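Single-structure report; data block below.
So you know, we letter chains A, B, ... as the sequences are listed, proteins then strands, and number each from 1. Since we're looking at a predicted model, the values are computed, not measured.
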Amino acid sequence: MAMVSADNRPLRLAARYAVLLLVATIFVFPLLFMVMSSFKPTQQMLADTASLRAFLPVGDLSLDNYRDAFARAPVALFVFNSVLVTGLTVLLSLAICSLAAFSFVYMNWRGRGLLLSIVLATLIIPFETIAIPLLLIVSKLPWVGLDGLQIGWLNSYRVQIIPWIADGLTIFLFVQYFKDLPGELIEAARAEGATWGQIYRRVVMPLSGPVLATAAILKFLIMYNQYLWPLIVVQQESYRPVMVGLGYFFQLNVAWGEVMAYLTLITVPVLAFYLVLQRAFIASIASTGVKG
Amino acid sequence: MTRHLLTTGAALALMAGTAAAQTELSMWYHGAGNEAESAVLNAIVDDFNASQEAWKVVIESFPQNSYNDSVVAAALAGNLPDIIDVDGPVMPNWAWSGYLQPLELDESALDGFLPSTIGRWDGEVYSVGLWEAAVAMVTRRSTLQKYDIRVPSLDEPWSRDELDAALTAIKESGDFEYPLDVGMAWTGEWYPYAFSPFLQSFGGDIVDRSTYQSAEGALNGDAAIAFGEWWQSLFDRELTPGTSQDPADRDSGLIEGKYAIQWNGNWAATGIIDAFGDDVLFLPAPDLGEGPVIGAGSWQFGVSATSDDPDGANAFIAFMLQDEYLRAFSDAIGLIPSTASAAEGSKYYSEGGQMAVFYDLSAEQSLVRPVTPGYVVMAKVFEKALADIANGADVADTLDAAVDEIDSDIEANSGYGHDG
């Protein structure tokens, strides 16, 4: 039996790699197509779609699409806006949602079970159903800034950030993770006289790297891909994010090469963010799998 | 040197004073990313701002595909600008919804404008367009000659039988992937704009225009069913690509030789002229039974209902209506000037110009889409019905369902303000 297993090992390994390669190919080829196409004239790009040339750096390659994309739209501004809004929202969300989850899991207070149920129930409400009521609310909210008191949050960064800081999914992720941390740690810290704030900062958060990475990546993707909300609350180009900016390239006759160049440019921050956090993200997924 | 600095400082202060004295007028425009169009509009705004000291127009541009949603959201939030541009068929809805106010232009200001460039609702003028658009059958003279197909004219367009015979002959040659491209890849407003004229040429319509209270009979009567069967046959016989058409093929398929004839607008004409030169033909719509029809009504300018300075907004719109600006848009993008006087002397539409036929088409064959606030819903229902029929749905059932949906919407909105 052992001999059979040993004989099969190379075959099984090859099969496993073949499957992994196939899956990787399926995921990588669209990105490869996007990047390669961004260097080709539109006519050549369209002609290449009929063959494997679409995925290869062949033909008349240039940076013209990138130059034209920058001429057509303020690409750098859109990327800056999205990165700023996304980055601040992710940071604030991690802080607020982890605090909420900490309270739900470790602190005893009346009604926490009911409130947690209500928070989780928000997961089933599509954003589209609350978009208009939320628009009406933010359009009348006061704000005190450098210019004094203003009424209405439209056309600002805050209107793209604040409504998205707290959400049921992120709180749920933290709650599940905190529940699986050893309770003895918290009890020991309490016995030593640590305050809740100290336990949160010095015990729980240092152990929460994987869930922080997971929540950050999920939140990053949600925020970076925002379309409907900024579309209805931002009417000034200076606050417009990348996804709304994509519309600049869809005139009746679409310049597909420029579209690919723009998509390549706006994908860079997403890839960079994922690469930075991928080790913790994979650790989080792996630990979830072990528990499951 | 000191005196020079003082003089410069005084001049700057004067300029700043002038700028400060100008009341700012905000204007929203749908053309973000369209460099040629934006350049013309910016030049007009600069001219206006320099021509007087009372107002200063400031443009905010939006991507076209999300412009209407942005305006509706802003209206809900009470955040509309002073001047809005609006797609012609959408104007009645925005006027009825209270987003727009009637224009206060001198009557003579609109003399000579193509009727379809003037947005009227409930007896008032709410918007005016600096250009018009038109659709034509685009092909090459050499293609028609090769298959011995008659070149139609405005006076004698193709009949339905002639069109069918031409498409069949080209199809049987096997020289093209499809003999005709109607543009199924261009979803959205293109469907009612480009395809409802076929229905109207059969004798049907999207809604009964005598009352605007029902689509019964217009969209599911005998003429409409005949249209639906003809429409479906185009796809069944593989005479035109269906809903799965690659958008890239829509853009370049005619030039690349995949399609022999294309149903396309004047906005695409300059690229086709560049590719085909003198061989290009822009042909009138076919007469499918009740006369040839093409769609009408392009983007227009209006004043928002919440504008703090409607006098300034109207002054700007009146300023825009000069022939030189109509001609500037036309020369830059190939749009049809709204007046004959602007067309004369324009790059493409002066007598004998390569695209002059579009002006004639617009003047003689165009029919505006239903002038009703309910059009925005009708357009989506019509689009879905035509896509379903193209994909093989039962014609009569599909049109009946579309009529029910349109009638329900009209009823739910208490008739949309029509008297009928």
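Annotation for N413(B): atom CG counts as buried by contact number, over 12 foreign heavy atoms lying within 6.0 Å. Heavy-atom contacts from other residues, nucleotides or ligands closer than 6.0 Å to CG of L275(A) number more than 12. Atom OH of Y348(B) sits in a crowded spot, with more than 12 heavy atoms from other residues, nucleotides or ligands closer than 6.0 Å. Environment of CG in L52(A): sparse, with no more than 12 heavy atoms of neighbouring residues, nucleotides or ligands closer than 6.0 Å.
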With side chain to side chain contact (heavy atoms under 4.5 Å, CB included) as the test, would you mind laying out the steps for N155(A) and N79(B) before giving the verdict? CA-CA 10 Å; N155(A) 294 310; N79(B) 194 37; 3.7 Å; yes
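Atom-to-atom distance recorded for L246(A):CG and N65(B):CG is 8.0 Å, nearest 0.5 angstrom. For the atom pair I232(A) CD1 and S66(B) OG, the distance stands at 11.5 Å (nearest 0.5 Å).
Pairing each heavy atom of L76(B) with each of L136(A), the nearest pair is O-CD2, 3.3 Å.
Only the side chain of S252(B) comes within contact range of chain A, with at least one heavy atom under 4.5 Å from a heavy atom of that chain. Residue contact with chain B, scored on non-hydrogen atoms closer than 4.5 Å, involves the backbone and the side chain of A71(A) alike. Using a 4.5 Å cut-off between heavy atoms, L228(A) makes no contact with chain B at all.
Residues S61(B) and Y248(A) have side chains not in contact (no heavy-atom distance under 4.5 Å, counting atoms from C-beta outward). Between S26(B) and Q235(A) the shortest side-chain heavy-atom distance does not fall below 4.5 Å.
Between the side chain of E237(A) and the backbone N or O of E60(B), no donor-acceptor pair lies under 3.5 Å.
Contact count against chain B (heavy-atom pairs under 4.5 Å) is highest for L231(A) among L46(A), L231(A), T49(A). When the candidates Q43(A), R240(A), E258(A) are compared by the number of heavy-atom contacts under 4.5 Å with chain B, R240(A) comes out ahead.
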